[in-house]
Amino acid sequence: RIETINADPKQAQELNTALSNKVLALLKNNGLNDKDFETLNFNLEKYKEWGRDGYVDKGYRASHSLKLTTKDLSKVGEYIDLVIGNDVKNVDSLRFKLSDEKEKQVKSELLSKATLAAKSKAELLAESLGSRVRGIVSVSESSQGYVPYYYAESAMLSKATGAAEPMQVQPKSVSLTVNVNAVFEI
């Protein structure tokens with residue numbers, strides 16, 4: 001999140017635009033493209049801080065929230081260090097998730113395995129009853145999807161502590177769950 005504060009709202013916005021453009025150019029010079037960025041939010045608001053005698057007017061705060069997408073996890077720490085080292089004061093969160101293509105692939109594989117398991121269980125049950133599966137009456141599936149993993153540790157630690165090496169970001173595994181409900185005729 002790129003934030004700038006100024007007594008004049010127009011100046012706050014212009015400063016934010018300049019800093020946003022600088023950060024985007026730096027990231028592009030380090031291997032990212034326009035398609036890797038998305039503006040999530042832009043906000044210009046009156047900014048006040050609490051003082052001894054109540055709220056004190058500090059001017060206007062312009063805030064530009066950007067989403068960065070990369071498949072190269074080895075570069076995430078470098079990107080964070082790059083923006084923190086160039087006047088960005090807030091990295092709100094990191095989120096690790098499956099790409100749409102990968103989620104579709106994994107879900108298809110899981111559905112196939114779950115369907116085969118349901119059939120196998122039905123055949124085992126029918127056999128133990130001295131019968132056999134004659135056909136399927138109905139089948140349905142439900143997917144719980146998955147919850148992306150959010151990395152909440154402070155992204156400013158490496159620069160704030162003067163670390164010479166890029167911040168190391170270790171993604172956590174994500175999981176996807178599917179359920180198949182099948183009714184077989186025996």
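The structure presented is a predicted model; accordingly, all values stated were derived computationally and were not measured. For the single chain, residues carry numbers from 1 onward in sequence order.
- By the side-chain contact (heavy atoms from CB on, under 4.5 Å) test, N29 is found to be paired with no residue, residues two or more places apart in sequence or in another chain being considered.
- L15 and V88 are assigned to two separate hydrophobic clusters, defined by single-linkage of ILVMFWY side chains at heavy-atom distances under 4.5 Å.
- Between L27 atom CG and L82 atom CG the span is 5.5 Å, to the nearest 0.5 Å.
- Listed by chain and residue number, nothing satisfies the side-chain hydrogen bond (donor to acceptor under 3.5 Å, both in side chains) test with N41 (two or more places apart in sequence, or in another chain).
- The stretch residues 58-92 participates, sequence neighbours left out, in no ring-ring contact (aromatic ring centres under 6.0 Å, His included) pair at all.
- With sequence neighbours left out, K46 forms a side-chain hydrogen bond (donor to acceptor under 3.5 Å, both in side chains) with D57.
- The CG atom of D34 sits 8.0 Å away from atom CG of L24, with the distance rounded to the nearest 0.5 Å.
- With sequence neighbours left out, K22 forms a side-chain contact (heavy atoms from CB on, under 4.5 Å) with L19, L26, N86, D87.
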Side chain to side chain contact (heavy atoms under 4.5 Å, CB included), that's the test. Do L66 and L40 meet it? Break it down for me. CA-CA 6 Å; L66 287 171; L40 297 177; over 6 Å; no
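- With salt bridges taken as basic N to acidic carboxylate O contacts below 4.0 Å, one links E101 and K71.
- Connection of L116 to I186 is not established within any shared hydrophobic cluster, with ILVMFWY side chains joined at heavy-atom distances below 4.5 Å, either directly or through further cluster members.
- Not counting sequence neighbours, S63 has no partner by the side-chain hydrogen bond (donor to acceptor under 3.5 Å, both in side chains) test.
- Using a 4.5 Å heavy-atom threshold, the side chains of E141 and L111 count as touching.
- Across T4 and A12, no two heavy atoms sit closer than the pair OG1-O, 2.7 Å.
- Legend: residues meeting side-chain hydrogen bond (donor to acceptor under 3.5 Å, both in side chains) with Q105, ordered by chain and number and at least two apart, are E109.
- The neighbour count for K113 NZ, taken as heavy atoms of other residues, nucleotides or ligands under 6.0 Å away, does not exceed 12.
- Annotation: the span from L68 atom CG to K75 atom NZ amounts to 11.5 Å, rounded to 0.5 Å.
- In terms of modelled atom types and a separation under 3.5 Å, the side chain of N16 and the main chain of A62 share a donor-acceptor contact.
- Legend: residues meeting side-chain contact (heavy atoms from CB on, under 4.5 Å) with Q13, ordered by chain and number and at least two apart, are T17, F42.
- I80 and L73 end up in the same hydrophobic cluster when Ile, Leu, Val, Met, Phe, Trp and Tyr side chains are linked at under 4.5 Å.
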Which atom pairs, donor and acceptor, lie under 3.5 Å between side-chain atoms of residues 120-140 and protein residues at least two apart or in another chain?
| unit_1 | atom_1 | unit_2 | atom_2 | d |
| --- | --- | --- | --- | --- |
| S128 | OG | L124 | O | 3.3 |
| S128 | OG | L125 | O | 2.8 |

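- Contact detail for I5 and K58: the closest heavy-atom pair is CG2-O, 3.6 Å.
- Cluster partners of W50, by chain and number: Y55. The rule joins Ile, Leu, Val, Met, Phe, Trp and Tyr whenever side-chain heavy atoms lie under 4.5 Å apart.
- Residue pairs satisfying the salt bridge (charged side-chain N to carboxylate O under 4.0 Å, His left out) criterion with at least one member in residues 8-19, sequence neighbours excluded, are listed as follows: K10-E14.
- Sorted by first and then second residue, the salt bridge (charged side-chain N to carboxylate O under 4.0 Å, His left out) pairs involving residues 36-45 (not counting sequence neighbours) are E38-K67, E45-R61.
- The cluster map of Ile, Leu, Val, Met, Phe, Trp and Tyr, joined by side-chain heavy atoms under 4.5 Å apart, puts I2 and L44 in different clusters.
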